[in-house]
Amino acid sequence: MSQILYASGDGVAMLTLNRPTTLNAFNDEMIGESTDLLARARDDSAVRCIVITGAGRGFSSGQDLSDVQSRSADFNIGQHLRHGYHRLVKQIIRMDKPVIAAVNGIAAGAGAGIAMACDYRIAADNAAFMLAFTKIGLIPDSAINWVLPRMIGYARAYEMALTADKIPAEKALAWGMVNQVVPAAEFTLAVNTFATRIASGATLAYGLAKRAMWDGFDQSLDAALETEAELQTKAANTQDFKEGVTAFLEKRPARFTGT
Ligand code: T3D
């Protein structure tokens with residue numbers, strides 16, 4: 001059985017993590033499949049926005065712990081991360097398309113890492129985030145140590161690692177970890193409405209803005225300004241820029257095509 005459901009339409013590709021009996025724990029197959037499907041969405045010009053969500057009551061419970069127990073003595077966890085989760089989170093962070101995490105339930109361990117690597121998080125009001133790692137004697141991984149302190153500050157990020165407590169959606173919103181919290185009953189509609197709105201926007205500019213901001217984390221002011229100049233040159237060469245300015249002057253809504 002496929003570990004991920006993939007559907008696309010109206011400019012949106014939807015990846016649904018599909019191991020609900022484990023709250024969508026990641027086994028090797030699911031890590032590989034999600035990385036490949038993200039590449040497919042990235043390379044499909046009809047796809048202008050990507051959504052990752054979970055089947056059933058969880059978003060993802062992180063690494064499948066049954067698989068962990070059956071590993072051989074010479075299993076190399078560093079290589080497992082490098083060839084698995086690292087490729088997956090980099091696929092999300094480095095693609096020039098917006099990726100939305102639709103967090104329908106618990107996002108624990110690497111599941112929280114995947115959600116945090118995304119560009120926007122919509123959480124159901126019964127969702128929660130949990131750095132479960134230290135409960136089993138591990139440190140956070142899947143780019144959490146890089147992303148989360150930048151997102152919410154060291155004090156809160158380290159508190160999450162230290163306590164491994166569940167951070168409910170509303171608290172995650174107050175901490176700046178999620179962008180929207182919606183009632184569970186309205187979750188699917190809210191996700192579809194937002195994703196469709198983004199997919200009909202100036203998606204090329206969204207992708208370039210994403211790159212400028214991520215690159216900016218590692219850059220000096222001068223280098224960041226140069227990146228802005230280069231990427232703005234690209235944005236200014238798009239049909240969307242022409243259309244955006246024309247629509248403004250004609251006092252009508254713009255019809256962006258992502259080209
Ligand atoms: O080693 C490496 O590969 C390095 C990489 C590490 C990355 C990581 O993600 S490490 C962190 C791994 N994840 C966890 O430690 C979380 C484990 N799960 C939980 O703590 C809890 O399940 C939750 C807090 C997420 C949810 O609790 P609750 O009470 O809502 O659900 P539950 O009853 O615990 O789980 C429901 C079922 O899912 C249950 O199976 P059952 O009893 O109905 O047959 C449970 O065993 C299963 N499940 C939940 N999480 C995992 C899992 N099965 C395998 N792996 C899991 N991670």
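Counting starts at 1 for both ligands and their atoms, following the listed order. Values reported hereafter were calculated over all heavy atoms of this structure, with side chains retained and with hydrogens, waters and symmetry mates removed. All values reported here derive from a predicted model rather than from experimental measurement.
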Mind listing the closest non-hydrogen atom pair of [X] and [Y] along with its distance?
{"X": "Ala236", "Y": "Phe241", "value": "O-CD2, 3.2 Å"}
{"X": "Arg48", "Y": "Gly258", "value": "NH2-N, 3.2 Å"}
{"X": "Ala55", "Y": "Thr16", "value": "N-CG2, 3.6 Å"}

Could you check whether any side-chain heavy atom of [X] comes within less than 4.5 Å of a side-chain heavy atom of [Y], counting everything from C-beta outward?
{"X": "Val182", "Y": "Gln180", "result": "yes"}
{"X": "Met160", "Y": "Ile167", "result": "yes"}
{"X": "Phe129", "Y": "Met116", "result": "yes"}
{"X": "Lys97", "Y": "Thr203", "result": "no"}
{"X": "Phe256", "Y": "Ser200", "result": "no"}

I need the nearest protein heavy-atom contact for [atom]: residue, atom name and distance, please.
{"atom": "atom 21 (C) of ligand 1", "value": "Leu23 CD1, 4.9 Å"}
{"atom": "atom 57 (N) of ligand 1", "value": "Gln63 O, 2.9 Å"}
{"atom": "atom 51 (C) of ligand 1", "value": "Ser61 OG, 3.4 Å"}
{"atom": "atom 49 (C) of ligand 1", "value": "Thr22 O, 3.6 Å"}

Atoms of ligand 1 less than 4.0 Å from [X] heavy atoms?
{"X": "Gly62", "value": "9 (O)"}
{"X": "Asp141", "value": "4 (C), 5 (C), 6 (C), 7 (C)"}
{"X": "Ala132", "value": "14 (C), 15 (O), 16 (C)"}
{"X": "Phe133", "value": "7 (C), 8 (C), 9 (O), 10 (S)"}
{"X": "Ala110", "value": "7 (C), 8 (C), 9 (O)"}
{"X": "Asp64", "value": "54 (C), 55 (N)"}

Should [X] be counted as touching ligand 1, given the test is an N or O pair under 3.5 Å?
{"X": "Leu138", "result": "no"}
{"X": "Arg71", "result": "yes"}
{"X": "Leu65", "result": "yes"}

Legend entry - Residue pairs passing the salt bridge (Lys or Arg N to Asp or Glu O under 4.0 Å) test where at least one lies in residues 250-259, sequence neighbours excluded: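 Output for this query lists Glu243-Arg252, Glu250-Arg252.
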Legend entry - For atom 28 (P) of ligand 1, the option (of His80, Arg57, Arg19) bearing the nearest heavy atom: Arg57
Within 4.0 Å of [atom] (strictly less), any protein heavy atom?
{"atom": "atom 46 (O) of ligand 1", "value": "no"}
{"atom": "atom 12 (C) of ligand 1", "value": "yes"}
{"atom": "atom 42 (O) of ligand 1", "value": "no"}
{"atom": "atom 34 (O) of ligand 1", "value": "no"}
{"atom": "atom 2 (C) of ligand 1", "value": "yes"}
{"atom": "atom 55 (N) of ligand 1", "value": "yes"}
{"atom": "atom 9 (O) of ligand 1", "value": "yes"}

Inset, instruction - Kindly work out whether a path of hydrophobic side-chain contacts (I/L/V/M/F/W/Y, heavy atoms less than 4.5 Å apart) joins Phe187 to Phe59. - result: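 Result: no, two separate clusters.
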Inset, instruction - Could you state whether Ile106 and Trp175 fall into the same hydrophobic cluster, counting links through intermediate Ile, Leu, Val, Met, Phe, Trp or Tyr residues with side-chain heavy atoms under 4.5 angstrom apart? - result: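 No; tracing contacts between hydrophobic side chains, which count when under 4.5 Å, never links both residues.
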Legend entry - Under 3.5 Å: donor-acceptor pair, side chain of Thr134, backbone of Gly137: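 No, the answer is negative, given that no donor and acceptor are paired below the 3.5 Å cut-off.
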Legend entry - ligand 1 contacted by Met130 (non-hydrogen, < 4.0 Å): yes
Inset, instruction - Determine whether any heavy atom of Thr21 lies closer than 4.0 Å to an atom of ligand 1. - result: yes
Inset, instruction - Inspect the contact between Arg19 and Asp64 and indicate whether a charged nitrogen and a carboxylate oxygen are less than 4.0 angstrom apart. - result: yes
Listed pairs under 3.5 Å, donor-acceptor, residues 138-155 side chains, sequence neighbours left out:
unit_1: Asn145; atom_1: ND2; unit_2: Pro140; atom_2: O; d: 2.7
unit_1: Arg150; atom_1: NH1; unit_2: Trp146; atom_2: O; d: 3.0

